[in-house]
Amino acid sequence: MRAEDERVRDAVSALTRFPSEQIVFQPNASSGLLHAAFGLTGGDVLLSLGEFPSLTYAAERAAQALRVITPVWLETDHDRVTPARIREQLTDSTAAVMVSLVDSRTGYLADIDGIRQVIGDRLLVVDAIQGFGVVDAPWEVTDVVVSGGQKWMRAGWGTGFLALSERAIDHLTPVFSGWTGSGPEQPWDEVREPVRGAGAFSVSNPDFVAEARFAASLEEVAAVGVDAVAAAVSDNVERVLELADEFAVPVSSSRSPNERAGMVVLEPLPEQLTALGASLFNHGVTASVRATNVRISVHAGTTEETLDMLRAAFTSYASVA
C-alpha cells in the first residue's frame, strides 16, 4: 500500500507535466491552498473575493495569522477574472496571484496562459478542482496547482494534490510541515528540518486507499487523454445549450468553447428559479440550485437518457414559466 504514494504522484505528473518529486498528495484542495497561502512570505496577493471560499479563506487566514501577506481583492469583469483586469490592478508589491481554473459560479474558464503573460515572474497559484480532468490547461506556466479528486475525477472525497514549480519551492515556506515532511526516515530522538521540495508540505501519513482511488481515476483519464474527454464534454455542453435555447431557458455561462469547461449556468427570472429547480429535481436531473441560478455539470459520459430527462424537465418548466 505504501507504493500508492509514488503511484499517485506519477499519475498526477502524467496529467500536469510537473515532475513527480514536485507533487505531494493532499486530503483535499483546501489543504493544498492553505499550504500555499501560509507559505507566502510577503507582499500582496491578488485574487477575487468572488472566488470559491477555499481560496479567499486561505489568503485571509494566512494574512491574519502570519501578517506577512495582504489579500487585495480584484475587481472582476462581470465576475470573470481576466488578464486585462489583473494587469490593471497589479502593483510593485503584488507577490502572487491566486485564481480558479474554472469559476464555480459562472463556469468561466480562466485564461491561465494570458494571466502568466501579464503577471511576469510573480507566483501564479491555481485552484484547478473545477476543471481538472476535463481541461488540458497550460500547467507548465503555473507555480502552484491544487486540486481535489472528488469532482470531475470522481475519485471520492479525501483525495487531492499540491504541485509546485521550482520557483514555488524556492519561495514558499512549509509552515505546516509535519513529521512526514522531514524525509522518508524520521528518528524519534530529534526534530529534523523539512526536506526541500513538495514533500515538505506533508503533515502525516496519507490515506493509502484514497491514494489508490485517486491514482486509478487519474490513470484512466491519462489512458483516454484529457483532449478526448474535453471534446466529449464540449459536445454534450452544446447539446444542453441547444435544449436550453429550444425551451427559452436563459443561459448566463459562456457559450464560447474557449471560455467554458463542463458547466452550464441557467439563470431564469427570480420568480421562475424555484420552478426550474423543482422541474429538474422531479425529472431526476441533478443540479446545483443557487440564489440566482441553476448549475448543471455536463460529463463526457452524459447519456441520451439523461438528455431526454433534461428535455422532459425543460418541457415541464416551460409549461408553467
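Predicted model, so just to flag it, every value in this text is computed and none were measured. In this chain, numbering begins with 1 at the start of the sequence shown.
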Can you confirm whether Glu6 is buried at CD, in the sense that more than 12 heavy atoms of other residues, nucleotides or ligands lie under 6.0 Å from that atom?
no
With a 4.5 Å limit on heavy-atom distance, are the side chains of Leu218 and Val221 in contact?
no
Can you tell me if Glu246 uses its side chain to pair, donor with acceptor, with the backbone of Arg311 under 3.5 Å?
no
Is there a salt bridge (Lys or Arg N to Asp or Glu O under 4.0 Å) between Arg260 and Glu238 once you walk through the steps?
CA-CA 11 Å; Arg260 72 183 190 215; Glu238 288 292 341; 3.0 Å; yes
Would you say Thr306 and Thr303 are linked by a side-chain donor-acceptor pair, where the criterion is simply a distance under 3.5 Å?
yes
For the backbone of Ala230 and the side chain of Ser234, can you confirm whether one donor and one acceptor N or O come within less than 3.5 Å of each other?
no
Any sub-3.5 Å donor-acceptor pair from Ser253's side-chain atoms to Val265's backbone N or O?
yes
Between Ser100 and Asp103, is there a side-chain donor-acceptor contact under 3.5 Å, judged purely by atom types and distance?
no
Counting heavy atoms not belonging to Glu75, are there more than 12 under 6.0 Å from its CD?
no
Tell me if a side-chain donor or acceptor on Arg122 pairs with a main-chain N or O of Leu90 at a distance below 3.5 Å.
no
In the structure I gave you, are the side-chain heavy atoms of Arg295 and Ser104 within less than 4.5 Å of one another anywhere?
yes
For the rings on Phe18 and Phe161, is their centre-to-centre separation under 6.0 Å?
no
Whether the side chain of Ser202 engages the backbone of Gly199 through a donor-acceptor N/O pair (distance < 3.5 Å, no angle test) should be reported.
no
Interatomic spacing from CG in Leu47 to CD in Glu60 - rounded to 0.5 Å:
9.5 Å
Is it true that a side-chain atom of Ser279 and a backbone atom of Ala313 form a donor plus acceptor pair closer than 3.5 Å?
yes
Can you find a heavy atom in the side chain of Arg255 that is under 4.5 Å from one in the side chain of Asp245?
yes
Kindly say whether the aromatic ring centers of Phe247 and Tyr317 come within a distance under 6.0 Å.
no
Thr94 and Gln89: which non-hydrogen atoms are nearest, and at how many Å?
OG1-O, 4.4 Å
Examine distances only and state if a side-chain atom of Ser182 and a backbone atom of Trp179 form a donor-acceptor pair shorter than 3.5 Å.
yes
Once salt bridge (charged side-chain N to carboxylate O under 4.0 Å, His left out) is applied, do any residues pair with Asp5, and if so which ones, sequence neighbours excluded?
Arg9
Salt bridge or not between Arg213 and Glu4? Use side-chain N to carboxylate O under 4.0 Å.
no
Single-linkage hydrophobic cluster, 4.5 Å side-chain cutoff, Val68 and Leu46 together
no
Less than 4.5 Å apart, side chain to side chain, heavy atoms only: is that true for Val240 and Asn236?
no
Assess the residue pair Val99 and Leu124 against the criterion (side chain to side chain contact (heavy atoms under 4.5 Å, CB included)); give the C-alpha distance rounded to whole Å, side-chain angles, the decisive distance to 0.1 Å, and a yes or no.
CA-CA 8 Å; Val99 64; Leu124 177 55; 4.1 Å; yes
Is the number of heavy atoms from other residues, nucleotides or ligands within 6.0 Å of CZ (Arg67) greater than 12?
no
Ile23 to Ala163 - nearest heavy-atom pair and separation
CG1-CB, 3.9 Å
Heavy-atom closest pair, residues Gly133 and Val226
O-CG1, 4.0 Å
Please test Met153 against Thr159 for side chain to side chain contact (heavy atoms under 4.5 Å, CB included), starting from the C-alpha separation and ending with a verdict.
CA-CA 10 Å; Met153 298 305 303; Thr159 59; over 6 Å; no
For Leu123 and Val144: C-alpha separation, side-chain torsions, deciding distance, then whether side chain to side chain contact (heavy atoms under 4.5 Å, CB included) applies.
CA-CA 8 Å; Leu123 290 180; Val144 179; 5.8 Å; no
For Asp92, I'd like to know if atom CG has over 12 heavy atoms of other residues, nucleotides or ligands within 6.0 Å.
no
Find the distance between OG1 (Thr173) and CZ (Phe201) and round it off to the nearest 0.5 Å.
7.5 Å
Which distance, rounded to the nearest 0.5 Å, do you find between the CG of Leu273 and the CG of Asn293?
7.5 Å
Phe132 and Leu101: which non-hydrogen atoms are nearest, and at how many Å?
N-CD2, 4.3 Å
Side chains of Thr41 and His171, heavy atoms from C-beta outward: is any pair under 4.5 Å?
no
Does a side chain donor of either Arg80 or Ser48 reach within less than 3.5 Å of an acceptor in the other side chain?
no
Can a donor-acceptor pair be found, under 3.5 Å and without considering hydrogens, that links the side chain of Ser217 to the backbone of Phe214?
yes
Run the numbers on Arg239 and Glu242 for salt bridge (Lys or Arg N to Asp or Glu O under 4.0 Å), then give the verdict.
CA-CA 5 Å; Arg239 299 188 67 182; Glu242 289 170 2; 5.6 Å; no
Is it true that atom CD of Glu305 has more than 12 heavy atoms of other residues, nucleotides or ligands lying nearer than 6.0 Å?
no
When you look at CD of Glu193, are more than 12 heavy atoms from neighbouring residues, nucleotides or ligands closer to it than 6.0 Å?
no
So Val97 and Leu74, side chain to side chain contact (heavy atoms under 4.5 Å, CB included) or not? Walk me through it.
CA-CA 10 Å; Val97 172; Leu74 178 75; over 6 Å; no
Using side-chain heavy atoms (C-beta onward) and a distance below 4.5 Å, is Thr56 in contact with Pro71?
no
Side chains of Ser93 and Thr91: do they bring a donor and an acceptor to under 3.5 Å?
yes
Rest of the hydrophobic cluster containing Met1 (Ile/Leu/Val/Met/Phe/Trp/Tyr, side-chain heavy atoms under 4.5 Å)?
Phe208, Val209
Sub-4.5 Å side-chain heavy-atom contact between Leu33 and Phe52:
no
Counting distance only, does the side-chain N/O of Gln22 pair as donor-acceptor with the main-chain N or O of Ala198 below 3.5 Å?
no
Looking at OG of Ser54 and CE of Met98, how far apart are the two atoms once the value is rounded to the nearest 0.5 Å?
9.5 Å
Please report the shortest heavy-atom distance between Ala287 and Leu280, naming the atom on each side.
CB-CD1, 4.1 Å
To the nearest 0.5 Å, what is the distance between CD1 on Ile86 and CG on Asp77?
11.5 Å
Do Val134 and His299 make a side-chain contact, defined as non-hydrogen atoms from C-beta onward lying under 4.5 Å apart?
no
Specify the closest pair of heavy atoms between Arg17 and Asp136, including all atoms of both residues, with the distance to one decimal.
NH1-OD1, 3.3 Å
How about CZ on Arg7, more than 12 heavy atoms from neighbouring residues, nucleotides or ligands closer than 6.0 Å, or not?
yes
Report yes or no: does Asn28 contribute a side-chain atom to a donor-acceptor pair with the main-chain N or O of Gly148 at less than 3.5 Å?
no
